[in-house]
Amino acid sequence: MIIQYYEHKLLWQDRADEEGEPVTAATEITQELAKATLSEEMLQNMRNLIGTDLRTDHCVNNEYATRHAITRFCEGIGDDNPLWTDRDYADESVHGGLIAPPSFIFACLASIQVGWPGLGGFHAETKLDFFKPIREGDRILAKVTFDGFDGPKDSTFGGRSIKDYLRQEYFNQDDELVARFICSRMRFERGEMQKRRESRKIELPHPWTSEQLEQIENDILSEEIRGSVPRYWEDVNVGDEIGTLTKGPIGLTDEVAFVASGAAPIPRICAHKVALKRYRKHPKWAFRDPSTHALEPVYSVHYNDYAARLQGAQAAYDVGIQRTCWQIHSLTNWMGDAGRLKVANSQYRAHVYLSDVLKLGGRITAKEVDADGDHVVRIETWAMNQRDQNCMPGEAVVALPTKG
């Protein structure tokens with residue numbers, strides 16, 4: 001599971017500018033993450049929010065798909081496909097210019113957090129539909145709506161939990177819908193999650209040998225990008241696999257690079273006085289690290305072992321949408337420049353800890369002409385770690401060019 005949560009106030013679009021609000025004392029910030037009980041009052045407050053459009057200003061990272069923004073994002077996910085990063089190559093491609101990978105929407109606005117004060121959260125599932133490519137220079141704006149929640153119900157990992165839903169729609173400067181992202185998260189009581197942490201204990205960091213590391217790096221460098229050679233619909237068959245993309249061992253810099261790429265966090269990470277003012281207004285956004293005595297955001301569960309253990313995890317771990325970006329990376333490598341990703345869905349089933357290695361792949365399960373008249377293949381996708389766990393089962397739909 002991917003734990004990726006800040007405890008925000010409820011944010012409406014007509015809320016006053018938070019920089020104008022008074023700064024209060026920070027007495028509520030401790031060395032612990034906030035703990036709350038899933039109460040009927042909390043549930044009713046969230047029911048009242050269903051259908052609300054949420055403010056996005058505090059989470060926007062890139063409004064424009066500039067060459068530098070696209071390149072920085074690709075570097076942050078480890079994708080060097082020249083279609084995204086080499087203008088000369090892209091000018092000669094079927095697109096006639098630079099485009100961004102489909103996952104670039106996350107570098108515009110990764111997501112919004114709302115409500116459930118004091119509860120923890122797992123990013124549980126991502127559903128993506130892509131409608132138009134993002135071209136260099138496009139302006140991308142997002143509309144985010146709280147669509148409700150299921151539950152509460154009992155869970156094996158953290159007591160009572162609920163699953164909530166955010167609908168994020170991305171539009172270009174011509175008001176054309178570029179993509180739709182349904183973000184589902186599990187909300188749970190942190191105290192219960194912490195109690196059950198030891199039952200999930202594994203050996204970390206993973207004890208790789210030098211020979212294994214050499215093989216992993218060889219696998220990484222053997223990545224195949226289909227590129228300008230079309231992969232025709234007629235030439236693929238049900239049962240074919242799409243090849244393997246290797247990521248890891250996941251390290252601290254991989255997480256830092258993902259933040260620097262603009263794809264995270266939610267809200268943006270900031271420093272010094274800017275951060276302190278925000279933490280004093282929203283004490284549940286932060287905790288005090290006992291080693292450095294610095295205030296840290298809850299997001300640091302992705303690079304701070306102490307914070308991760310407070311969430312009930314064993315150590316720091318990856319971000320949910322980061323893993324989906326890797327899934328999309330594997331799909332765009334396979335489909336080539338002339339292919340088009342239409343759907344990418346993923347479920348997060350286990351943590352991917354720093355020191356873990358993932359091998360992402362997929363298998364064609366169907367070929368058809370869809371309702372849009374596109375020649376598509378349906379693909380079962382996976383992300384296997386070194387413990388033979390499928391950390392992210394999923395599915396995708398890719399439109400391919402035809403010989404006819």
Side-chain angles (χ1 to χ4, degrees), residues 65 67 70-71 73-74 77-106 126-138 140 170 172 174 176-181 222-245 324-346 360-382 394-404:
R67 180 172 66 88
I70 295 170
T71 298
F73 172 72
C74 292
I77 62 172
D79 185 349
D80 62 356
N81 189 325
L83 187 60
W84 333 127
T85 60
D86 185 328
R87 183 174 284 155
D88 291 338
Y89 175 92
D91 285 347
E92 297 299 320
S93 76
V94 295
H95 297 279
L98 278 177
I99 64 171
S103 51
F104 182 76
I105 59 169
F106 299 130
T126 287
K127 293 186 177 182
L128 291 163
D129 294 284
F130 298 102
F131 305 105
K132 295 187 70 68
I134 296 175
R135 303 184 66 88
E136 181 184 11
D138 280 356
I140 305 298
Y170 298 81
N172 65 18
D174 298 318
E176 297 171 316
L177 181 62
V178 170
R180 181 183 297 114
F181 167 29
S222 67
E223 173 187 329
E224 294 184 3
I225 301 174
R226 182 72 176 189
S228 61
V229 179
R231 187 179 295 279
Y232 290 109
W233 183 79
E234 291 88 349
D235 293 337
V236 301
N237 300 290
V238 172
D240 288 352
E241 294 197 5
I242 69 171
T244 300
L245 179 71
T324 293
C325 290
W326 301 338
Q327 175 199 29
I328 292 172
H329 180 183
S330 72
L331 291 163
T332 54
N333 272 5
W334 175 81
M335 71 188 192
D337 298 350
R340 182 162 55 91
L341 182 63
K342 299 188 71 172
V343 173
N345 299 332
S346 48
L360 298 103
R363 179 182 298 109
I364 297 173
T365 59
K367 290 176 61 176
E368 61 190 57
V369 178
D370 68 10
D372 298 323
D374 294 326
H375 289 69
V376 302
V377 292
R378 297 186 179 276
I379 304 172
E380 173 193 9
T381 61
W382 55 75
E395 58 185 2
V397 177
V398 173
L400 293 175
T402 68
K403 294 179 178 179

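None of these values were measured; they are calculated from a predicted model. Sequential numbering from 1 along the given sequence is applied to the chain's residues. The analysis underlying the following values was restricted to heavy atoms, covering all of them including side chains, and did not include hydrogens, waters or symmetry mates.
- Atom CD of Glu176 is separated from atom NZ of Lys132 by 4.0 Å, given to the nearest 0.5 angstrom.
- Rounded to the nearest 0.5 angstrom, Asp337 CG and Ser93 OG are separated by 5.5 Å.
- Listed here is the closest heavy atom pair of Ser330 and Leu245: N-CD2, 3.7 Å.
- A 4.5 Å side-chain heavy-atom check between Glu395 and Glu380 finds every atom pair outside the cut-off.
- In this structure, Ala399 and Lys342 approach most closely via the heavy-atom pair CB-CD, 4.1 Å.
- Within the 3.5 Å criterion, the main-chain N or O of Ser228 finds a donor-acceptor partner in the side chain of Tyr89.
- Under the side chain to side chain contact (heavy atoms under 4.5 Å, CB included) rule, Val398 has a single partner from Ile379, Val343, Val376, which is Ile379.
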Please lay out, stage by stage, how Asp374 and Arg340 fare under the test side-chain contact (heavy atoms from CB on, under 4.5 Å). CA-CA 10 Å; Asp374 294 326; Arg340 182 162 55 91; 2.8 Å; yes
List the steps, then state whether side-chain contact (heavy atoms from CB on, under 4.5 Å) holds for Val178 with Asp138. CA-CA 11 Å; Val178 170; Asp138 280 356; 5.8 Å; no
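- Looking only at distances, a side-chain donor or acceptor of Asp79 sits under 3.5 Å from a matching main-chain atom of Asn81.
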Apply side-chain contact (heavy atoms from CB on, under 4.5 Å) to Val377 and Asp240, showing your working. CA-CA 11 Å; Val377 292; Asp240 288 352; over 6 Å; no
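- Between Pro102 and Ile134, every side-chain heavy-atom pair lies at or beyond the 4.5 Å cut-off.
- Leu83 and Leu98 make their closest contact through O-CD2, 3.5 Å (heavy atoms, listed as atom of the first residue, atom of the second, distance).
- Taking CH2 of Trp326 as the reference point, atom OG of Ser103 lies at 12.0 Å (rounded to 0.5 Å).
- If you take OG1 on Thr381 and CD on Gln327, they are separated by 4.0 Å, rounding to the nearest 0.5 Å.
- The nearest pair of heavy atoms linking Asp91 to Gly97 is OD1-CA, 3.5 Å.
- Summarising the local packing, NZ of Lys127 is surrounded by 12 or fewer heavy atoms from other residues, nucleotides or ligands at distances under 6.0 Å.
- When the shell of 6.0 Å around CD of Glu224 is examined, it contains 12 or fewer heavy atoms from other residues, nucleotides or ligands.
- Annotation: Phe73 is not in aromatic contact with Phe106 [ring centroid separation under 6.0 Å not met].
- If you take CE on Met335 and CZ on Arg226, they are separated by 12.5 Å, rounding to the nearest 0.5 Å.
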Let me see the working for Arg135 and Asn172 under side-chain contact (heavy atoms from CB on, under 4.5 Å), right down to the final yes or no. CA-CA 10 Å; Arg135 303 184 66 88; Asn172 65 18; over 6 Å; no
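- A donor-acceptor pair is defined here as one N or O able to donate and one able to accept, closer than 3.5 Å; no such pair exists between the side chain of Arg378 and the backbone of Glu368.
- Atoms CZ and CZ, on Phe130 and Arg180 in that order, are 12.0 Å from each other to the nearest 0.5 Å.
- Heavy atoms only, all atoms of each residue included: Leu341 and Val397 are closest at CD1-O, 3.7 Å.
- The heavy-atom pair separating Asp80 from Thr85 by the smallest distance is O-OG1, 4.0 Å.
- A 6.0 Å sphere centred on CD of Glu92 holds no more than 12 heavy atoms belonging to other residues, nucleotides or ligands.
- Although no hydrogens or angles enter the test, the distance criterion places no donor-acceptor pair under 3.5 Å between the side chain of Arg231 and the main chain of Leu400.
- Remark: the backbone N or O of Val236 is paired with a side-chain donor or acceptor of Lys367 at under 3.5 angstrom.
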